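Here's the structure we're looking at; comments come further down.
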Amino acid sequence: MLREKLDHDELKLITLARTKRVTWARIAEWQELSGRQAAERRHLQLSRAHTRPDGTAPHTQNERVEYARELRSRRAERQWALNHAARIRRIARQLAAIEDLQQRVDGSHEALIMRAIRESDSKEKPPQAPLVWPKALRECVAEDERFRKTPLPPSTKAWTTLTGTASSRRPTSCTASSA
């Protein structure tokens, strides 16, 4: 009972120290361990023995590494999209402007494969449903055009965050005419 209480208190202290940005090396020194990896290992060992107040189990080191990689990947994708936003908007508008886009998409090789998969999964032939992305693309393009026609007030935090300035003029890289 006493050992469990001490372990739990040690876990709380280590967690508090990490939230205060104390390094693993300093924590290892405090715990009189051989190094930062030993301190982190001890923390993981203690945290596996206890569930969090919200009832969830703590993440392992591998799960944290995978999560960090996923976040980096998303950041890289977002940065790529921001760097190529004008081109993406232009291509999206061109695609959305195609009159018979839905018919072309529904008759495409990919749509036939998806239909075959759906039919093989069910005993009866499912009704032929159109692919949803052409409609979603048109809705996104329309929403983007509405957003671009309605300027944000220059004093809002969102405007400053988006543009990096407090100016009321939109940067030329964001205007629809430059895309």
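Everything numeric here is computed off the predicted structure, so don't read it as measured data.
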From [atom1] ([X]) to [atom2] ([Y]), nearest 0.5 Å:
| X | Y | atom1 | atom2 | value |
| --- | --- | --- | --- | --- |
| E10 | R3 | CD | CZ | 7.0 Å |
| K5 | L2 | NZ | CG | 9.0 Å |
| E145 | C140 | CD | SG | 11.5 Å |
| E29 | I27 | CD | CD1 | 11.0 Å |
| Q45 | R41 | CD | CZ | 9.0 Å |
| R93 | R138 | CZ | CZ | 15.0 Å |

State yes or no: do [X] and [Y] share one hydrophobic cluster built from I, L, V, M, F, W and Y residues joined by side-chain heavy-atom distances below 4.5 Å, directly or via other members?
| X | Y | result |
| --- | --- | --- |
| V105 | L112 | no |
| M114 | L101 | yes |
| I88 | V141 | no |
| L33 | L11 | no |

*Walk me through it: do R42 and D7 pass the test side chain to side chain contact (heavy atoms under 4.5 Å, CB included)?*
CA-CA 10 Å; R42 173 74 178 149; D7 285 348; 3.3 Å; yes
_Q94, CD atom: more than 12 neighbouring heavy atoms under 6.0 Å_ = yes
*Just wondering, are more than 12 heavy atoms of other shown residues or ligands nearer than 6.0 Å to CD in Q37?*
no
*Taking 4.0 angstrom as the limit, do E77 and R74 come out as a salt bridge?*
no
*Does the side chain of I14 reach to within under 4.5 Å of the side chain of Q31, using non-hydrogen atoms?*
yes
*Heavy-atom distance under 4.5 Å between the side chains of H43 and R18, does that happen here?*
no
*Would you say the side-chain atoms of E40 pair up with the backbone N or O of G35, donor to acceptor, closer than 3.5 Å?*
no
_Closest non-hydrogen atom pair, Q102 against K135_ = OE1-N, 4.2 Å
*Is there a side chain to side chain contact (heavy atoms under 4.5 Å, CB included) between N83 and W80 once you walk through the steps?*
CA-CA 5 Å; N83 292 344; W80 182 89; 5.7 Å; no
*With sequence neighbours left out, what residues match R36 under salt bridge (Lys or Arg N to Asp or Glu O under 4.0 Å)?*
none
_Stepwise side chain to side chain contact (heavy atoms under 4.5 Å, CB included) check, W30 with L13_ = CA-CA 11 Å; W30 163 72; L13 284 170; 4.1 Å; yes
_Apply side chain to side chain contact (heavy atoms under 4.5 Å, CB included) to residues D106 and R115 and explain how you reach the verdict._
CA-CA 10 Å; D106 290 339; R115 243 181 257 120; 4.1 Å; yes
